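Note that the coordinates shown come from a computational prediction; the quantities given were computed from them, not determined experimentally.
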Amino acid sequence: MTEIKLYNSKTRKKELFAPIDPQNVRMYVCGPTVYDRAHLGNARPVVVFDILNRLLRHVYGPNHVTYVRNFTDVDDKINATALARKEAGAPGTLEDLVQERTEETIDWYLKDMGALGALRPDHMPRATAYIAQMIAMIEVLIEKGHAYPDGAGHVLFSVKSYENYGALSGRSVDDMIAGARVEVADNKRDPMDFVLWKPSTDDLPGWESPWGRGRPGWHIECSAMAHDILGASFDIHGGGNDLMFPHHENEIAQSCCAHPEGQFAKVWMHNEMLQVEGKKMSKSLGNFFTVRDLLDKGVPGEVIRFVFLSTHYGKPMDWTEKKAKEAEATLRKWYHLAVGAEAAEVPASVLMALADDLNTSKALTALHKLAAEGSSAALASGLRVLGLLGDVAPEWAAAPDVDLSHYAVLLADARSRAMETKDFSEVDRLKTALLNAGVEVRMSKAGVELLPGPGFDAAKLEALQ
């Protein structure tokens, strides 16, 4: 069996992965808060952990992996979007509009992530379906002295009641207080204490609880859902590194205090953030865009995925138009070679790269080599395990049905003459015209091969008749 090594954020080292139960490898990844379209940065963890999901299924078997990614469908941002709609004259109660917004956003998300080649997880729990489990966990935390109600509808977690708080991020509680903008509130016994339950107004989503009508805090959601689906101990917990503190730190504290019989997640994995053209993505810089923005502009989902995979998940990733264009050109060539090839085992070079802490950039290098060698079947198998190829090539990569043999003969004859006269001006003229018409020109000792490429325009070839 292939040995997998993963970098564990909690131990700060790469470790040999040994699942608790090889017959049921369990992974939980923090999903989106569904109030708007997913931006490009939101998509990076989806692609990263989709690759891990595919690798685990390849190694342990497709029926021996349980992958969970949640939806946070109760949140102040969702309420704000619903309120804006109501103020704009949308019919229905505020709670109806919240429900409407979450439903359409989840639909958007699944379609957009599907366009990037992401498989759907085995479970996609919504927070609102697990309120009872959250209330039960909060009651246990209060009973054990790890949480306290403030008498005004809030319940807070007592950070100092959990001595290992900060182990994941590697910071002491005092350091966190000094380095963070901690909300100071009269109902907190300690500045670092965080909300498990809070009151909700009558017009907003809310549920009856021992502390009054209210709704859960963000952190308790993942703890309750992970425990209910995966148990007190499971193998991998993933997400962006922006979630390490406070979200993941708080998840650990809640879960380990409520269920000390388990260890919660054994391995913690975090992907680095994304930049655009070397700068942090932000609306103020005008470089903020959603996955749907790119798809609607004609950037294929496979191209977005390829660019993501070009950088190791543990390093900051820079999205550039140049990378996208290069990725599209590469994928067109690879699809031309791979589609229709017979089934083959996943190439060892690709599998070993992925097993080494998801080294996707090294896996792509292996595919470049396979393509150069003309190993069509191995290339196709490698593309599939990376989620870059289904049963057929995507429509955008299909070459137009056009006969370029006439131009290939012209270029080959010109090259033969040039080899004798040493005058390559006609070769350069023909090649430039072909490239300007969107034709990919491949010249080798074996001959000349012409392929319609991105932006192919047959009209521009008329001058070469």
Side-chain angles (χ1 to χ4, degrees), residues 27-58 62-63 65-73 78 100-127 129 225 229 238-240 271 274 289-311 313 317 319 323-324 327-328 331-332 334-335 338-339 354 358 360 363-364 380-398:
M27 176 168 69
Y28 186 97
V29 174
C30 289
T33 298
V34 286
Y35 67 95
D36 207 346
R37 289 275 190 184
H39 61 68
L40 196 60
N42 298 145
R44 195 180 190 196
V46 174
V47 173
V48 167
F49 292 102
D50 180 66
I51 289 290
L52 181 54
N53 179 38
R54 289 170 182 270
L55 175 63
L56 293 172
R57 290 178 190 277
H58 178 80
N63 298 321
V65 176
T66 304
Y67 175 24
V68 181
R69 188 185 66 221
N70 74 293
F71 287 115
T72 292
D73 60 346
I78 301 173
E100 179 184 296
R101 183 60 168 179
T102 59
E103 290 297 334
E104 72 176 350
T105 307
I106 288 173
D107 184 57
W108 290 342
Y109 183 85
L110 292 175
K111 287 178 179 176
D112 291 350
M113 297 307 109
L116 303 189
L119 302 173
R120 291 198 179 188
D122 301 287
H123 300 273
M124 295 185 287
R126 301 185 184 194
M225 288 185 281
I229 300 171
N271 63 275
L274 176 141
F289 44 85
T290 67
V291 172
R292 179 50 51 182
D293 290 335
L294 285 180
L295 294 171
D296 288 347
K297 282 175 58 179
V299 181
E302 295 86 356
V303 168
I304 299 171
R305 186 180 182 95
F306 186 104
V307 175
F308 281 2
L309 300 185
S310 299
T311 301
Y313 78 89
M317 197 211 87
W319 171 272
K323 286 181 180 179
E328 182 172 345
L331 284 172
R332 284 181 185 273
W334 287 359
Y335 291 149
V339 172
L354 296 181
L358 303 187
T360 52
L364 292 179
S381 184
L383 285 167
R384 288 192 177 98
V385 80
L386 286 170
L388 290 168
L389 177 64
D391 294 331
V392 297
E395 290 184 12
W396 63 265

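- The salt bridge (Lys or Arg N to Asp or Glu O under 4.0 Å) search around Arg57 returns Asp122, not counting sequence neighbours.
- Nearest heavy-atom pair, Gly390 versus Arg384, reported as atom, atom and distance to 0.1 Å: O-NE, 3.2 Å.
- For the pair Phe308 and Leu274, the minimum side-chain heavy-atom distance is below 4.5 Å.
- From Leu52, atom CG reaches atom CE of Met27 across 4.5 Å, with rounding to the nearest 0.5 Å.
- Counting only heavy atoms from C-beta outward, the side chains of Leu116 and Val46 never approach each other to under 4.5 Å.
- Residues Leu331 and Leu383 approach most closely at CD2-CD2, 4.4 Å, considering heavy atoms.
- Taking 4.5 Å as the limit, some side-chain heavy atom of Thr360 sits within range of a side-chain heavy atom of Leu354.
- Within the model, atoms CZ of Arg69 and CG of Asn53 stand 9.5 Å from one another, a figure rounded to the nearest 0.5 Å.
- Annotation: side chain of Pro125 is in contact with side chain of Asn70 (closest heavy-atom distance under 4.5 Å).
- For Ser310, there are no side chain to side chain donor-acceptor pair (under 3.5 Å) partners two or more places apart in sequence or in a different chain.
- When the salt bridge (Lys or Arg N to Asp or Glu O under 4.0 Å) test is applied to Arg292, the partners found at least two apart in sequence or on another chain are Asp112, Asp296.
- Between the CD1 atom of Ile304 and the CG atom of Leu40 there is a distance of 6.5 Å, given to the nearest 0.5 Å.
- Between Met113 and Ala38, the shortest heavy-atom contact is CE-CB, 3.9 Å.
- Nearest heavy atoms, Ala115 versus Leu295: CB-CD1, 3.7 Å.
- Partners of Thr33 by side chain to side chain donor-acceptor pair (under 3.5 Å), not counting sequence neighbours: none found.
- Of all heavy-atom pairs spanning Thr311 and Arg44, the tightest one is O-NH2, 3.6 Å.
- Looking at Trp319 and Leu294, their side chains come closer than 4.5 Å, going by heavy atoms from C-beta outward.
- With sequence neighbours excluded, the residues satisfying side-chain contact (heavy atoms from CB on, under 4.5 Å) with Asp107 are Lys111.
- Between Leu389 and Ala338, the closest heavy-atom pair is CD2-CB, 4.4 Å.
- Put simply, CG on Leu386 and CG on Leu309 are 6.0 Å apart, with the number rounded to the nearest 0.5 Å.
- Among residues two or more places apart in sequence or in another chain, the salt bridge (Lys or Arg N to Asp or Glu O under 4.0 Å) test is passed with Glu104 by Arg85, Arg101.
- Annotation: side-chain contact (heavy atoms from CB on, under 4.5 Å) contacts of Pro300 (sequence neighbours excluded): Glu302, Val303, Glu328, Trp396.
- Among residues two or more places apart in sequence or in another chain, the side chain to side chain donor-acceptor pair (under 3.5 Å) test is passed with Asp50 by Arg54, Arg305.
- Remark: Phe306 engages Trp334 in a ring pair (Phe, Tyr, Trp, His ring centres under 6.0 Å) (not counting sequence neighbours).
- Between Met225 and Thr72, the closest side-chain pair of non-hydrogen atoms is not below 4.5 Å.
- By the 4.5 Å heavy-atom criterion applied to side chains, Ile106 and Met124 are not counted as neighbours.
- Applying the ring pair (Phe, Tyr, Trp, His ring centres under 6.0 Å) definition to pairs two or more places apart or across chains, those involving residues 104-125 are Phe71-Tyr109.
- In this structure, the side chains of Phe49 and Asn271 come closer than 4.5 Å at one or more pairs of heavy atoms.
- Residues meeting the side chain to side chain donor-acceptor pair (under 3.5 Å) test with His39, sequence neighbours left out: Asn42.
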